[in-house]
Amino acid sequence: MAASLSRGYLGWDFSTQQLKVIAVDEQLRVTYEENVHFDNDLPEFRTQGGVYVHSDRLTVTSPVLMWIKALDVILEKMKSSGFNFSQVKALSGAGQQHGSVYWKEGAHHILKNLSPDLPLHQSLKACFSVSDSPIWMDSSTASQCFSLEKAVGGAQQLANITGSRAYERFTGNQIAKIYSQNPEVYIQTEKIALVSSFAASLFLGDYAPIDYSDGSGMNLLQICDKRWSVTCLNACAPGLEEKLGHTVPSSSVLGSIAPYYIQRYGFSPDCKVVAFTGDNPASLAGMRLEEGDIAISLGTSDTLFLWIQEPMPATEGHILCNPVDSRAYMALLCFKNGSLMRERIRDDCASGSWDEFSKALTSTVTGNNGNLGFYFDVMEITPEAVGIHRFNKDNNKVPDFPKEVEIRALIEGQFMAKRIHAEKLGYKIMPKTRILATGGASHNKDILQVLSDVFNTPVYTIDTANSACLGCAYRAIHGLVAETSVSLADVVKLAPAPRLVVTPAAGADEVYLPLLKRYAELEQKVLYNPTSSS
Ligand SMILES: O=C(CO)[C@@H](O)[C@H](O)CF
């Protein structure tokens, strides 16, 4: 469909499984959406779910050239659909958090002089010292995490400084691994970027700075003053600050779009690039979160987050700098076994059909007659556990469940874990609390009904599952006026209001309160124990 765009704004999302773009007009109406699915549209990279899970089952990477080629493909798709690039006033974007990109010495000159006659992936193919970027699903840096926590005085001290204890997926630990295993690669690297700042660099035609919000997902940035922690930098690798560069507020205008896009696609020379950020901070902006709300992104990973004023760092979950208001913060809990886990159970127990999956949910009772399950195909982050563990109503471990019981045990287990770990961090579910759900699974009303029942809270959705993209289009608009201290909320008040989808079923809370207690107790039995034989 040719998109006749009045003056508009673009939001990009370089996520785990695909590259997405959304265009909104001055009235915040979505006028265009497009995506490139890495596995299906770029089969030459042979990824699964957009990633390579290495044979050690701990190392997980994605090829950086796949992300670049995806941008080439999506821009050509937009061009052939008649998209009017000249009307784009500003763009911003998001990247999967924690992933890192390693620009090789000499790359800066190539990035600043892109030939409009060539696709990006041809010009940039020799610009990276690390071709397979470590990403958020990686769990291979336990030794680096141990060293970092030791260097600062322990897990809680690291959380107090950077907002999180050391996590294997966090960028500082990934950089430390590369430095320790391939020092020559580290030395050949002139710039280290996050996926978000790497993506911004592609549009800027220059190295883009890391923003405060995505930067606070690295175990390197002091969340109080937004400066790099010298102790953490030195614990990871030498000369790191120079390779990272300075950080900027997430609403910063970085500059105008590179000549490459003006000459090859017809962008206006006045099109501004606003700092890119992490996918979850971008979702917070896209869902226009308010104090007291809990947002749940049901994507490749399931992510719980909310807007907070007074950070309370802990050794579970994360405190990040707020992407919309630099004085505020956001809290984040990530559950790695999200949609890929739901899809695997759908394939095994519902013949690959979401309709059958839903029928199983509506044909089984609230509370599943006391059957509980823990489903972790890959090493889980919250809590640290792996494998499938099923318990009957008498708390006896059982080898399997009937298919419909398995489906309900998966969904109830995923949402009870979210409530338990949220409340552990001190989240208070208040009478005015709303759950704002986004991500692929937020299209399934039967899944959302279980979420509402477990939290005893109404569930809303926004009118697109691409909240990270939408949040970036909103941030592109906000970036142009942020200097005037206009809030993002003011800028996007015309946006479609969240839509109430389900409310808690009567009596659900009475069923789930005792079940939540059992679930928390059983969870202690399934925690990852590296020395156990099971
Ligand atoms: O690791 C995560 C957050 O800490 C994930 O939500 C990634 O951002 C997904 F891309």
Side-chain angles (χ1 to χ4, degrees), residues 12-20 38 47 49-51 60-62 67 93-101 133-141 145 159 162-174 194-199 210-211 213-221 223 276-287 295-306 313-321 323 329-341 378-384 414 418 421-422 425 437-441 465-469 471-472:
W12 299 87
D13 183 15
F14 287 71
S15 68
T16 310
Q17 300 182 49
Q18 56 185 338
L19 170 59
K20 297 178 271 191
F38 300 138
T47 52
V51 309
V60 184
T61 60
S62 287
W67 295 331
Q96 51 177 297
Q97 286 186 261
H98 319 303
S100 45
V101 174
S133 283
I135 65 160
W136 67 276
M137 292 171 71
D138 184 285
S139 311
S140 67
T141 61
C145 289
T162 69
S164 302
R165 69 167 172 78
Y167 282 92
E168 287 82 352
R169 70 188 191 282
F170 275 42
T171 323
N173 306 303
Q174 295 292 337
L194 293 175
V195 175
S196 57
S197 58
F198 149 76
I210 290 171
D211 77 299
S213 193
D214 207 14
S216 49
M218 300 171 77
N219 275 155
L220 295 175
L221 191 72
I223 55 171
F276 283 35
T277 190
D279 56 347
N280 296 297
S283 280
L284 180 131
M287 300 176 82
I296 298 187
S297 170
L298 297 169
T300 308
S301 66
D302 285 350
T303 308
L304 208 67
F305 45 86
L306 54 74
T315 55
E316 183 178 79
H318 318 284
I319 301 292
L320 301 175
C321 301
Y329 295 84
M330 66 177 280
L332 182 66
L333 268 176
C334 184
F335 301 83
K336 190 184 274 191
N337 291 273
S339 62
L340 297 179
M341 191 69 242
V378 294
M379 178 64 77
E380 183 48 67
I381 295 168
T382 316
E384 208 166 11
Q414 287 189 329
K418 288 171 178 62
H421 289 282
L425 263 182
T438 185
N466 296 327
S467 61
C469 263
C472 292

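Whatever order the structure lists them in is the order used to number ligands and atoms, beginning at 1. Below, all heavy atoms of this structure are taken into account, side chains as well, without hydrogens, waters or symmetry copies.
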Inset, instruction - Give the ring-plane orientation class for His318 versus His98, where under 30° counts as parallel, over 60° as perpendicular and anything between as tilted. - result: tilted
Legend entry - Donor on one side chain, acceptor on other, Ser100 and Gln174, under 3.5 Å: no
Legend entry - Residues in the immediate environment of ligand 1 (any heavy atom closer than 4.0 angstrom): Thr16, Gln96, Gln97, His98, Trp136, Arg169, Asp279, Asn280, Ser301, Thr303, Leu332, Cys334
Inset, instruction - Mind listing the closest non-hydrogen atom pair of Ser283 and Ser467 along with its distance? - result: OG-OG, 2.8 Å
Legend entry - Pairing residues for Thr47 by the side chain to side chain contact (heavy atoms under 4.5 Å, CB included) criterion, not counting sequence neighbours: Phe38, Asp39, Phe45, Tyr52, Pro63, Met66
Inset, instruction - Verify whether one side chain among Asp279 and Ser15 offers a donor that lies under 3.5 Å from an acceptor in the other. - result: no
Legend entry - Any side-chain donor near an acceptor of the partner, Ser62 and Trp67, under 3.5 Å: no
